[in-house]
Amino acid sequence: MNRILDENLIYEILSVVEEIPQGKVATYGQIARLIGREKNARLVGKVLSMSEYYGRYPCHRVVNHAGRLVPGWTEQRQLLTSEGVPMKDEYHVALKLCQWDS
DNA sequence: GACTTGACATGGC
DNA sequence: CGCCATGCCAAGT
């Protein structure tokens, strides 16, 4: 039954995001995989964009497979650096050093 | 209900 | 992890 999809999706996604340890980051694909929706990585991003509406979650610890930060969200870089996440440049994190080993 | 859009992923170069 | 092309799925219009 796929009557409820967004709510469950949101709950699962946020549950995973919430478990990301400080100083580490996770990719959308990784989260999507953890919730059993590998192909829905984009949905993760959509949900996270609205995550503030559902509650406060460390959505800044989620980046895409290239380690690129959210376009247009300048705060994210400072938040990550404050947590000790190594940055490759202003818009990319060093995934090699800080990708979450779920 | 078809078309477009998106905080994406993966594989090839 | 630079860029290009293709695939995927849900939400919004």
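Side chains included, hydrogens not; waters and symmetry mates left out as well; all remaining heavy atoms used.
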Identify all pairs in which a protein N or O lies below 3.5 Å from an N or O of nucleotides 3-7 of chain C, and state each distance.
none

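- Distance A:L69 CG to B:dC8 P: 11 Å, rounded to the nearest Å.
- With rounding to whole Å, A:I35 atom CD1 is found 15 Å from B:dC8 atom P.
- At most 12 heavy atoms of other shown residues, nucleotides or ligands fall within 6.0 angstrom of atom OH in A:Y11.
- Here C:dC8 presents its P atom at 15 Å from CG of A:L43, a figure rounded to the nearest Å.
- Side-chain contact annotation: A:H65 with A:Q30, donor-acceptor N/O pair under 3.5 Å absent.
- Remark: the separation of the C1' atoms in C:dG7 and B:dG6 is 14 Å, to the nearest Å.
- Minimum heavy-atom separation, A:A32 to A:N40: CB-C, 4.2 Å.
- A:V17 comes within 4.0 angstrom of no nucleic acid atom, judged by non-hydrogen atoms across all strands.
- Taking all atoms of both residues into account, the shortest heavy-atom contact from A:W100 to A:A26 is CE3-CB, 3.8 Å.
- Between the CZ atom of A:R37 and the P atom of C:dA10 there is a distance of 8 Å, rounded to whole Å.
- When rounded to the nearest whole Å, the span between CH2 of A:W73 and P of B:dG6 equals 18 Å.
- Using a 4.5 Å cut-off on side-chain heavy atoms (C-beta onward), A:M87 and A:T81 make contact.
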Provide a list of protein-nucleic acid N or O atom pairs under 3.5 angstrom, restricted to nucleotides 10-13 of chain B.
residue: B:dT10; atom: OP1; partner: A:R33; partner atom: NH2; Å: 2.5

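- Rounding to whole angstrom units, CG of residue A:L80 and C1' of B:dA7 are separated by 13 Å.
- Comparing the same atom, C1', in C:dG12 and in B:dG1 gives a spacing of 13 Å after rounding to whole Å.
- The heavy-atom pair separating A:V63 from A:R68 by the smallest distance is CB-O, 3.4 Å.
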Grab the N/O contacts between the protein and nucleotides 3-5 of chain B below 3.5 Å, and write none if there aren't any.
none

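- Closest approach of A:I20 and A:R61 over heavy atoms only: O-NH1, 2.8 Å.
- Residue A:H92 places its side chain closer to C:dG2 than to any other of C:dG2, B:dA9, B:dA7.
- For the pair A:L9/A:R37, a side-chain contact is recorded, criterion being any heavy-atom separation below 4.5 Å from C-beta on.
- Distances shown here put every side-chain N or O of A:H60 at or beyond 4.0 Å from the OP1 or OP2 atom of B:dA7.
- Each of B:dA7, C:dC1, C:dA10 was ranked by its minimum atom distance to the side chain of A:K88; first place goes to C:dC1.
- Across the strands present, C:dC8 finds no partner; the criterion is a Watson-Crick or G-U wobble pair with both atom distances under 3.5 angstrom.
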